Every structure is written in structure tokens, then in C-alpha cells.
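Each remark here refers to the structure printed beneath this line.
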Amino acid sequence: MSTASFNIRLAGILVFAGIGAGLLSVAPAIDSPEYLFQAAQQPSQVKIAAMGQVLLGLCYLGFALLLFPVVRHFGETLSLGFLSFRILAASVAIVATVVMLAILNLSQLVEVHRPDEISALTTLGDVLRGARDQLNHVFMVMALCAGNTMFFLLTFRAQLLPSWLSLWGIAGAGLSVAASGAVLFAKMEIITVEYIALNLPTATAELLVGFWLLFKGLQRAPQECPA
């Protein structure tokens with residue numbers, strides 16, 4: 001197996017690893033209405049979620065790093081854009097992780113402060129949780145979708161993946177951006193049926209790409225790129 005083929009299949013594995021890391025990154029204690037008290041009672045859950053989010057960011061980045069040397073032969077500008085936005089998405093994921101751990105630290109302070117001081121800590125906690133939600137559900141998603149759009153445009157133009165899958169990925173990215181925009185402008189709440197439905201096409205497209213790369217690879221080798 002050539003290095004390119006190995007990297008392509010490893011990128012497919014990273015898609016599934018990213019899904020697992022994404023599930024691990026869910027922190028019900030942080031998403032709870034009583035998040036400051038819940039997080040203080042379940043610090044291990046929050047720390048595991050933080051580890052999952054870091055792994056998720058690394059999977060996003062690793063996917064692009066593995067595919068970039070292969071797809072760059074078919075389109076330098078689009079492949080560079082794809083890599084750049086994946087780097088940005090991974091960076092946002094790390095920042096969101098730091099914010100989540102800050103919420104955990106704040107929750108532990110609530111337990112030792114006087115009742116008259118808790119109001120100020122709660123206000124700070126609300127700001128931090130709002131920032132985390134914006135980072136995760138708006139800016140990270142938008143960066144990912146920008147990179148995905150470039151990736152799927154490249155695979156469509158170069159016929160690296162089936163046309164229907166590339167078009168599905170592009171359409172899914174557009175729907176996910178619409179969902180994130182609605183969250184940004186407070187027209188939609190996160191973790192709602194509408195939000196999940198708008199992001200479902202992107203999730204299924206990534207899952208199908210993972211299967212395709214792992215079991216079939218790309219439909220063209222780098223040697224077949226245009227001169």
C-alpha cells in the first residue's frame with residue numbers, strides 16, 4: 001500500500017474517531033440549567049468531556065493534514081483553504097475546551113463562597129457558558145463548514161468522490177451554516193430538533209466520507225491530476 005493510500009484510509013478512520021470524540025465531549029453537567037452546581041458535583045464528567053473535545057479538534061486537524069498532500073495536486077487553492085479552516089476549527093475547539101474548564105473552576109468556587117457572592121459568580125458563569133456555546137455551535141461549525149465546502153468543491157471538480165456525495169456535503173455545509181447563523185442571532189436554541197435536523201446532512205455526509213475513504217479510497221490517484 002502506498003503512503004497516499006495509507007493516509008487516505010487513516011483519514012477515514014479519523015472521521016469515526018472524531019465521532020467518538022464528539023460523543024465523549026458532551027457534558028450534561030455543563031448543559032444543565034443548574035450547571036454551576038452540577039459541574040461541581042461531577043468534575044470528572046467535565047474533565048472527560050474536555051479531553052473528548054481536545055481529541056475532536058485533533059481529529060479535525062489530522063483529517064486535513066493526512067489528505068492535504070494528496071488533494072493539493074488537484075487544486076492548490078481549495079486544498080490550502082480546506083487545511084486552513086480545519087486548523088482554525090481545531091483552534092476554536094481548544095479555546096472552547098479552556099472555557100469549559102474555566103466553568104468547572106468557577107463551579108468549585110461557588111461551593112466555598114458566601115450566598116451573597118454567588119450572584120456575581122453566576123453572572124460570570126452565564127457569560128462563560130454563552131461564550132462556550134458560541135464557540136462550539138457557531139464559530140467552530142462555521143470554520144468547519146467553510147473547510148468542508150472547499151474540500152467538497154475540490155472533490156467534485158476533480159471527481160475524487162462520487163458527485164452525489166460531494167454535492168450532499170456542500171448542501172449540508174450550507175444548512176449547518178444557516179443553523180449556526182440562527183443560533184448567533186438568537187433565532188434558534190442549540191440542542192433542539194430544528195438545530196439537529198439542519199446539521200444532520202453534514203453529519204451523514206462526513207460519515208459517508210469516512211466509509212468511502214476507508215473502504216474505497218479516492219476515485220483518482222495524485223498521478224492522475226491535471227498537469
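This structure is a prediction, so every number in the text was calculated from the model and none was measured. Numbers here simply count residues along the sequence, with the first being 1.
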* Donor-acceptor contact below 3.5 Å, side chain S107 vs main chain L104 -> yes
* Asked: Under 3.5 Å, is there a donor-acceptor pair between the side chain of T155 and the main chain of F152?
  -> yes
* Asked: Are I196 and V183 in one and the same hydrophobic cluster, where Ile, Leu, Val, Met, Phe, Trp and Tyr link if side-chain heavy atoms are under 4.5 Å apart?
  -> no
* To do: Could you give me the CA-CA distance, side-chain angles and deciding distance for I13 and R9, then say whether side-chain contact (heavy atoms from CB on, under 4.5 Å) is met?
  => CA-CA 6 Å; I13 292 173; R9 280 160 176 75; 5.7 Å; no
* Give the C-alpha distance, both sets of side-chain angles, the deciding distance and a yes or no for side-chain contact (heavy atoms from CB on, under 4.5 Å) between T149 and F82. => CA-CA 8 Å; T149 299; F82 163 57; over 6 Å; no
* **Euclidean distance, Q134 CD relative to N136 CG, rounded to 0.5 Å** => 10.0 Å
* For the side chain of E194 and the backbone of M188, is there at least one donor-acceptor N/O pair under 3.5 Å apart? -> no
* Asked: How long is the span from the CD1 atom in I19 to the CG atom in L207, to the nearest 0.5 Å?
  -> 4.5 Å
* To do: May I ask you to check whether over 12 heavy atoms, not counting those of E76, lie within 6.0 Å of atom CD?
  => yes
* **Enclosure of F156 CZ (heavy-atom neighbours >12, cutoff 6.0 Å)** => no
* Asked: What are the two closest non-hydrogen atoms of S79 and R72, and how far apart are they?
  -> OG-CA, 3.3 Å
* Identify the heavy atoms of L135 and V92 that sit nearest to each other, and give their distance. => O-CG1, 3.5 Å
* Asked: Are L83 and V209 connected, step by step, through hydrophobic side chains (Ile, Leu, Val, Met, Phe, Trp, Tyr) whose heavy atoms are closer than 4.5 Å?
  -> no
* V95 side chain reached by F139 side chain, heavy atoms, under 4.5 Å -> no
* Exam field: side chain S180 to backbone S176, donor-acceptor pair closer than 3.5 Å -> yes
* CG of N148 to OG1 of T202: how many Å apart, nearest 0.5 Å? -> 6.5 Å
* Structure fact -> Heavy atoms of M150 and F85 approach each other most closely as CE-CE1, 3.6 Å
* Structure fact -> Rounded to the nearest 0.5 angstrom, the CD1-CD distance for I94 and Q53 is 8.0 Å
* Hydrophobic cluster membership, M140 vs V54, 4.5 Å side-chain cutoff -> no
* Could you give the distance from OG (S32) to CD (Q42), rounded to the nearest 0.5 Å? -> 8.5 Å
* Asked: To which residues is L24 joined in a hydrophobic cluster, defined by side-chain heavy-atom contacts under 4.5 Å among Ile, Leu, Val, Met, Phe, Trp and Tyr, whether direct or through other members?
  -> I48
* Structure fact -> Those residues at least two apart in sequence (or on a different chain) that pass side chain to side chain contact (heavy atoms under 4.5 Å, CB included) with A11 are F63, L66, L67, L213
* **Side-chain (Y35) to main-chain (G125) donor-acceptor, under 3.5 angstrom** => yes
* Structure fact -> Between the CZ atom in R129 and the CG atom in L36, the distance rounded to the nearest 0.5 Å is 8.5 Å
* **Side-chain touch Y60/L14, heavy atoms, less than 4.5 angstrom** => no
* Asked: Would H137 and Y195 satisfy side-chain contact (heavy atoms from CB on, under 4.5 Å), going step by step from the backbone distance to the final call?
  -> CA-CA 10 Å; H137 299 284; Y195 182 81; 3.2 Å; yes
* Does L55 share a hydrophobic cluster with L23, counting links as ILVMFWY side-chain heavy atoms below 4.5 Å and allowing steps through other members? -> no
* Structure fact -> On a heavy-atom basis, the closest approach of N199 and A179 is ND2-CB, 3.8 Å
* Candidate pair R132 and D31, rule side-chain contact (heavy atoms from CB on, under 4.5 Å), full reasoning -> CA-CA 10 Å; R132 171 182 173 265; D31 295 324; 3.4 Å; yes
* Structure fact -> Heavy-atom nearest pair, P43 first then A40, reads CD-O, 3.5 Å
* Asked: Quick one: do L218 and L165 end up in the same hydrophobic cluster if we chain Ile, Leu, Val, Met, Phe, Trp and Tyr together by side-chain heavy atoms under 4.5 Å apart?
  -> yes
* Looking only at heavy atoms, what is the nearest atom pair of A173 and C145, with distance? -> O-SG, 3.6 Å
* Assign the ring pair F215 / F211 to parallel, tilted or perpendicular, where the plane angle (0 to 90°) is split at 30° and 60°. => parallel
